[in-house]
Amino acid sequence: MQKMCPYKIDIGAVYSHRPSLHNTVKSGTFQAQEKELVFDIDMTDYDDVRRCCSSADICPKCWTLMTIAVRILDRALAEDFGFKHRLWVYSGRRGVHCWVCDDSARKLSQAERSAVAEYLSVVKGGEETIKKVQLPETIHPFIGKSLKMVERYFEKYALVDQDILENKQCWDKVIALVPEVARESLLREFSKARSSVERWDKLSSCLEATGKDFRRYSNIPKEIMLQFCYPRLDVNVSKGLNHLLKSPFSVHPKTGRISVPIDCKKLDQFDPFSVPTISLICSELDNVSKKEEDEDSAGEGEPEAKKRTRDYKRTSLAPYIKVFEQFLDKLDQSRKGELLNKSDLKKEF
């Protein structure tokens, strides 16, 4: 590591042969054998539905989108698929990554990974697609549970922070997602209302007043909520066995922030702007070294090996490393349990 001094480390699959020797083995025999199931959510994919920032910029207002994404996907991966070992990691700039490390997840084929990603994808269509969410009359339980998550954040995030119905230019984008039969009355009602919250309340009442196929129309507010807040996955990252993803604890070359694990129990408190940077860690380590020099000169030093292992725990990285170690401990216990079960089946005592 010190010799090569890489500015970025990507992690890929476990291969049948050493990747450095892939040109020396028989054609077709160099194969990816297993890889974590990964998800990559990038804030730039939400540019059509956020008003505060665009491109690579983020702020506390739009970071709520990442909080919603982690909540929805983590619940689905745990409850709908039964995956136990899920590590969520801040990318260091504008997004989050998820590593699903269960044995069953690592051995999924490309088709199976595509099926999982497709199941979790609700917002579909490119820039030219106006209406990106189409719900059937009977909503799937997964969508129903996801909507409950979105509803928790929708008013504060979309109607207050983003103010998505603030003026005519904004509300025209929302009205474009509503059937034509209701648009005229909505425009009248929106003009009378004074805030995004009031206008959102008018939306449902106007759709009810149309009296046409109410069951189908009752899903329209839900479709709008999902279009503005539902996680937007990069499906190609999840389905490809050969796709690389940046290693946790990498340093982002643009921001200097460290790609740290996210504690899902404290998800609402996670602040991407308070994540340690490489310069902060370096200065903290310098202070640790200086303090130790002073202790050594005073004759209070510790053995060298003990010092080495504890250096990183004296920096701002300590709580994030604790989250990572807890994740690894659970993964290790699970692996030992599986090995014990296999030996019991083979009667190897």
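Predicted, not measured: the structure shown is a model, and the values here were computed from it. Any value given below was found using the heavy atoms of this structure, including those in side chains, with hydrogens, waters and symmetry copies removed.
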Item checked: Residue list, side chain to side chain donor-acceptor pair (under 3.5 Å) with His85, at least two apart or on another chain -> Ser334
Next item on the list: Sequence neighbours left out, what passes side chain to side chain contact (heavy atoms under 4.5 Å, CB included) with Arg75? Give chain and number order.
Entry: Glu79, Asp80, Phe142, Lys145, Met149
Next item on the list: With salt bridge (charged side-chain N to carboxylate O under 4.0 Å, His left out) as the test, would you mind laying out the steps for Lys322 and Glu325 before giving the verdict?
Entry: CA-CA 5 Å; Lys322 189 179 178 185; Glu325 285 175 342; over 6 Å; no
Note to self: What I'd like to find out is whether the side chain of Cys59 reaches to under 4.5 Å of the side chain of Cys62, using heavy atoms alone.
What the structure shows: yes
Next item on the list: Could you list the residues that satisfy salt bridge (Lys or Arg N to Asp or Glu O under 4.0 Å) with Asp163, not counting sequence neighbours?
Entry: none
Checklist line | Whichever hydrophobic residues join Ile9 through chains of side-chain contacts under 4.5 Å | finding: Met1
Checklist line | Side-chain ion pair, Glu118 and Lys124, N-O less than 4.0 Å | finding: yes
Notebook entry, point to check: What pairs of residues pass the ring-ring contact (aromatic ring centres under 6.0 Å, His included) test when at least one of them lies in residues 167-192, not counting sequence neighbours?
Noted result: Trp171-Phe190
Notebook entry, point to check: Does Arg71 pair with Asp268 as a salt bridge, N-O distance under 4.0 Å?
Noted result: yes
Next item on the list: Kindly determine whether Asp42 and Thr44 satisfy side chain to side chain donor-acceptor pair (under 3.5 Å), including the steps that lead there.
Entry: CA-CA 6 Å; Asp42 197 317; Thr44 50; 3.0 Å; yes
Notebook entry, point to check: For Ser146, which residues count as a side chain to side chain donor-acceptor pair (under 3.5 Å) partner, sequence neighbours excluded?
Noted result: none
Notebook entry, point to check: Residues in salt bridge (Lys or Arg N to Asp or Glu O under 4.0 Å) with Asp271, at least two apart?
Noted result: none
Check: With a 4.0 Å cut-off, would you call Lys202 and Glu198 a salt bridge?
Finding: no
Item checked: With Leu177 via side chain to side chain contact (heavy atoms under 4.5 Å, CB included) - residues at least two apart -> Ile130, Lys131, Ile224, Gln227, Phe228
Note to self: Strictly by ring-ring contact (aromatic ring centres under 6.0 Å, His included), give each pair with a member in residues 54-79 just once, sequence neighbours left out.
What the structure shows: Trp63-Tyr90
Checklist line | Over 12 non-hydrogen atoms of neighbours within 6.0 angstrom of NZ in Lys246 | finding: yes
Margin query: Just so I know, are the side chains of His243 and Val38 near enough to count as touching, which here means a heavy-atom distance under 4.5 Å?
Written below: no
Notebook entry, point to check: Which class fits the ring pair Phe270 and Tyr320: parallel under 30°, tilted 30 to 60°, perpendicular over 60°?
Noted result: perpendicular
Notebook entry, point to check: Which residue, Arg106, Lys107, Arg113, forms the side chain to side chain contact (heavy atoms under 4.5 Å, CB included) with Lys35?
Noted result: Arg113
Margin query: Is any side-chain heavy atom of Phe81 closer than 4.5 Å to one of Val100?
Written below: no
Next item on the list: Using atom types as modelled and distance alone, determine if a side-chain donor or acceptor of Glu36 lies under 3.5 Å from a backbone N or O of Cys101.
Entry: no
Next item on the list: List for me each residue that meets side chain to side chain contact (heavy atoms under 4.5 Å, CB included) alongside Leu339, sequence neighbours excluded, and say none if there are none.
Entry: Arg335
Margin query: The criterion is ring-ring contact (aromatic ring centres under 6.0 Å, His included); which residues satisfy it with His140, sequence neighbours excluded?
Written below: Tyr119
Notebook entry, point to check: Looking at residues at least two apart in the chain, or sitting in another chain, which of them share a side chain to side chain contact (heavy atoms under 4.5 Å, CB included) with Ser283?
Noted result: Leu280
